[in-house]
Chemist: 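Have a look at the structure that comes next, please.
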Protein chains: 2
Amino acid sequence: MYIPTLGYAILSLLARTPLSGYDIAREMKRPTSFFFGHAQISQIYPELSRLEEYELVTSIIIEQQGKPDKKVYTISPTGLQEIQRWVVSPTPLLEVRSDFLIKAHSLWLADAEEALPHFREHARYHQEHLVAYEANLAEMEERWGANIALLHTQEFGDYLTVKRGVSYEQEYLSWLEWAIAILEARAKRQCEGDTSG
Amino acid sequence: MYIPTLGYAILSLLARTPLSGYDIAREMKRPTSFFFGHAQISQIYPELSRLEEYELVTSIIIEQQGKPDKKVYTISPTGLQEIQRWVVSPTPLLEVRSDFLIKAHSLWLADAEEALPHFREHARYHQEHLVAYEANLAEMEERWGANIALLHTQEFGDYLTVKRGVSYEQEYLSWLEWAIAILEARAKRQCEGDTSG
DNA sequence: GGTCCCATGTAAGGTGTTACATGATTCT
DNA sequence: AGAATCATGTAACACCTTACATGGGACC
């Protein structure tokens, strides 16, 4: 019984509340669910079938009015046990291929003037994410106060991950702003060289 | 002519110096090449063939003594043009499925005492990476001084990426240490609750 | 009349990993 | 004697993405 990360991602959500495949996809698309990656709905359905085959989840069909029927999945005691085991298991380091950093690695080949809009655009995207995460964190802190770190509910999980989201985006943005300042200096220098030479 | 990210990663290295498939794999395994992901050598060979088919690289067989022959690839003018175009093209946001953060999301299901070794081990791994990146950065700064940000050589690319490596690992570590402190408080509280109740 | 949301799935194709095949030299 | 390094590749498999299939209701 091998379970891919997506399987655990699904169990992680079903451990909180029963959901349909469509619900799971919606949950994973939320900005504060950044760590799930963008899972395609077409991949979630077969993964749910597999989890059901393994008896880690059970399903019931819910008939709806004016909407298609939905298949709602509930985590089983075995499933809960499985995720509890997985949560405290060792995690290998995640090494990701980053398009943006490979571009930075080759930035010596580019013109600073041309690279700047690209960097500014990227910074803008990350700024947007940061704002969303910060809003979510502020909401949580207002609601739960200092107690949040001691809660034994799902809010504790949300708190840990949203904190990471905020600090990740802050770090990324400050690196981007540092790089943009360098590119501006390079562009200015090149421009002066052009006009004075 | 579609080129996957691995193709650009390879061009990014060949833009600096001619290399064999084996050399490329070795370069990508270096700690400061973290942003390439761990590319398998078995995937690099067919990708190189494809780049050659597209005439973005050329190859020659080098006969060696006491070692197998090697096929050394050189970037072509078209290849250089292609990566220069790519470097300043827009980059979609990278959303990665993170095993560790999915575990954090479900950490409310776990015992703090059991989760602590897992978090400490993870922090240790990241600490090691940070040390390696910092050593590399220090070396660079010592060698090139303040000029480094204005260089129009490959060292500029290395500088940008290693700076990101350092700040990423610093951020990750400080989040991990914050989480560890919380887990310690939870463990202590649970322990007191057990003995006093 | 067109697009989006709800809802579940299949099929095809692309990407990436692990295992296999081969074999000499160097290090422990 | 065994493992690691050098060196290139193929084959099988696992995982993920994109496109296709279906269809009612709500909104513009």
Side-chain angles (χ1 to χ4, degrees), chain A residues 1-10 13-14 18-30 35-54 57 59-73 92-99 102, chain B residues 1-10 13-14 18-30 35-54 57 59-73 92-99 102:
Chain A
M1 185 187 68
Y2 167 77
I3 304 166
T5 305
L6 180 62
Y8 288 107
I10 292 172
L13 289 171
L14 294 181
L19 296 166
S20 69
Y22 195 86
D23 293 334
I24 289 169
R26 204 201 288 109
E27 281 298 309
M28 289 188 179
K29 254 180 232 152
R30 290 174 50 197
F35 49 91
F36 286 121
H38 7 62
Q40 299 307 118
I41 182 84
S42 58
Q43 206 195 340
I44 290 170
Y45 290 125
E47 190 54 44
L48 277 166
S49 300
R50 194 139 56 120
L51 294 176
E52 193 169 22
E53 211 182 281
Y54 292 158
V57 301
S59 69
I60 45 161
I61 307 281
I62 305 277
E63 279 169 52
Q64 297 187 118
Q65 287 178 321
K67 287 181 189 178
D69 293 355
K70 61 155 80 179
K71 205 180 196 172
V72 173
Y73 289 88
L93 271 199
L94 181 64
E95 288 213 2
V96 180
R97 187 128 67 222
S98 159
D99 278 54
I102 296 171
Chain B
M1 184 188 66
Y2 166 77
I3 303 167
T5 305
L6 179 61
Y8 288 107
I10 291 172
L13 289 171
L14 293 181
L19 295 166
S20 69
Y22 195 85
D23 293 333
I24 289 168
R26 203 201 288 112
E27 281 298 310
M28 289 187 179
K29 254 180 232 151
R30 289 174 50 196
F35 48 91
F36 287 120
H38 10 61
Q40 297 308 117
I41 181 84
S42 59
Q43 206 195 342
I44 290 170
Y45 290 124
E47 190 53 44
L48 277 166
S49 300
R50 194 139 58 119
L51 293 176
E52 192 169 24
E53 211 182 281
Y54 292 157
V57 301
S59 69
I60 45 161
I61 308 281
I62 304 278
E63 280 170 51
Q64 297 187 119
Q65 289 178 319
K67 287 181 188 178
D69 294 355
K70 62 155 79 178
K71 206 181 195 171
V72 173
Y73 289 86
L93 271 197
L94 181 65
E95 287 213 0
V96 180
R97 186 127 68 221
S98 160
D99 278 54
I102 296 171

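All chains are named by letter (A, B, ...) in the order of the sequence lines, taking the proteins before the strands, and each is independently numbered beginning at 1.
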Chemist: If you check every side-chain atom of B:Y73, which of C:dG9, D:dG9, D:dC15 has the closest atom?
Modeler: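 Taking heavy atoms from C-beta onward, the closest nucleotide is D:dG9.
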Chemist: Rounded to the nearest 0.5 Å, what separates atom OG in B:S20 from atom CG in B:D69?
Modeler: 11.5 Å
Chemist: For the side chain of A:Y22, counting heavy atoms from C-beta on, which of D:dT17, C:dT8, D:dT5 is nearest?
Modeler: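 It is C:dT8.
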Chemist: C:dT8 C1' sits how many Å from A:L19 CG, rounded?
Modeler: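 My rounded result for the distance is 16 Å.
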Chemist: Please tell me if the side chains of B:L94 and A:R97 come closer than 4.5 Å, counting only heavy atoms from C-beta onward.
Modeler: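 A side-chain contact is absent here, since even the closest heavy-atom pair is not under 4.5 Å.
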Chemist: I need the CD-P distance between B:Q40 and D:dC13, as an integer number of Å.
Modeler: 18 Å
Chemist: Quick check on D:dC16: is either OP1 or OP2 less than 4.0 Å from any side-chain nitrogen or oxygen of B:R97?
Modeler: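 For D:dC16, OP1/OP2 do have a side-chain N/O of B:R97 under 4.0 Å.
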Chemist: Take the protein atom CD1 of A:I44 and the nucleotide atom P of D:dT18, then report the distance between them rounded to whole Å.
Modeler: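 Those two atoms, CD1 and P, are 14 Å apart.
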Chemist: Please state whether the phosphate of C:dT8, meaning OP1 or OP2, lies under 4.0 angstrom from any side-chain nitrogen or oxygen of A:K71.
Modeler: no
Chemist: Can you tell me which nucleotide in D:dA7, C:dA7, D:dT8 comes closest to the side chain of B:D23?
Modeler: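 In terms of side-chain proximity for B:D23, the closest of D:dA7, C:dA7, D:dT8 is D:dA7.
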Chemist: Is any side-chain N of the basic residue among A:R50 and A:E53 closer than 4.0 Å to the acidic one's carboxylate O?
Modeler: no
Chemist: Side chains of B:L13 and B:F36: closer than 4.5 Å at any heavy-atom pair?
Modeler: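 When only atoms from C-beta onward are counted, B:F36 and B:L13 do touch, with a gap below 4.5 Å.
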Chemist: Does a side-chain N or O from A:R26 land closer than 4.0 Å to OP1 or OP2 of C:dA7, or not?
Modeler: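 Answer is yes, contact under 4.0 Å.
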Chemist: Can you tell me how far apart CD1 (A:I24) and CG (A:L48) are? Round to the nearest 0.5 Å.
Modeler: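 So the gap between those two atoms works out to 4.5 Å.
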Chemist: In whole angstrom, give the distance that lies between atom CD1 of B:I10 and atom C1' of D:dT8.
Modeler: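 About 14 Å, once rounded to whole Å.
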Chemist: Measure from the side-chain heavy atoms of A:Q43 and tell me the nearest of D:dC16, D:dT8, C:dT15.
Modeler: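 It is D:dC16.
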Chemist: Quick check: do B:D23 and B:R26 have side-chain heavy atoms less than 4.5 Å from each other?
Modeler: yes
Chemist: Starting at the 5' end of DNA chain D, which residue's closest nucleotide do you reach first, A:P4 or B:D69?
Modeler: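 Looking at the nearest nucleotide for each, B:D69 comes out on the 5' side.
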Chemist: I'd like a list of close polar pairs between nucleotides 21-26 of chain D and the protein, N/O only, cut-off under 3.5 Å.
Modeler:
none

Chemist: Can you tell me the distance, in whole Å, between the CD atom of A:Q64 and the C1' atom of C:dT8?
Modeler: 12 Å
Chemist: Both B:A39 and A:S20 contact DNA chain C. Taking the nearest nucleotide for each, which residue is further toward the 5' end?
Modeler: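 The 5'-side residue here is A:S20.
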Chemist: D:dC15 P sits how many Å from A:I3 CD1, rounded?
Modeler: 11 Å
Chemist: Please set out all donor-acceptor pairs under 3.5 angstrom arising from side-chain atoms of residues 1-9 of chain A, sequence neighbours excluded.
Modeler:
| from | atom 1 | to | atom 2 | distance (Å) |
| --- | --- | --- | --- | --- |
| A:T5 | OG1 | B:D99 | OD1 | 3.1 |
| A:T5 | OG1 | B:D99 | OD2 | 3.4 |
| A:Y8 | OH | A:E82 | OE2 | 2.5 |
| A:Y8 | OH | A:R85 | NH2 | 3.3 |

Chemist: OP1 or OP2 of C:dG16 versus the side-chain N and O atoms of B:Y45: is any pair under 4.0 Å?
Modeler: no
Chemist: Can you measure B:M28 atom CE to C:dG16 atom C1' for me and round it to whole angstrom units?
Modeler: 13 Å
Chemist: How many angstroms lie between atom NE2 of B:H38 and atom CE of B:M28, to the nearest 0.5 angstrom?
Modeler: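 B:H38 NE2 to B:M28 CE: 13.0 Å, rounded to 0.5 Å.
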Chemist: CD1 of B:I62 versus P of D:dC6: gap in Å, rounded?
Modeler: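 After rounding, the reported distance stands at 17 Å.
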Chemist: Indicate, yes or no, whether a donor-acceptor pair under 3.5 Å links the base of D:dT18 to the side chain of A:S42.
Modeler: yes
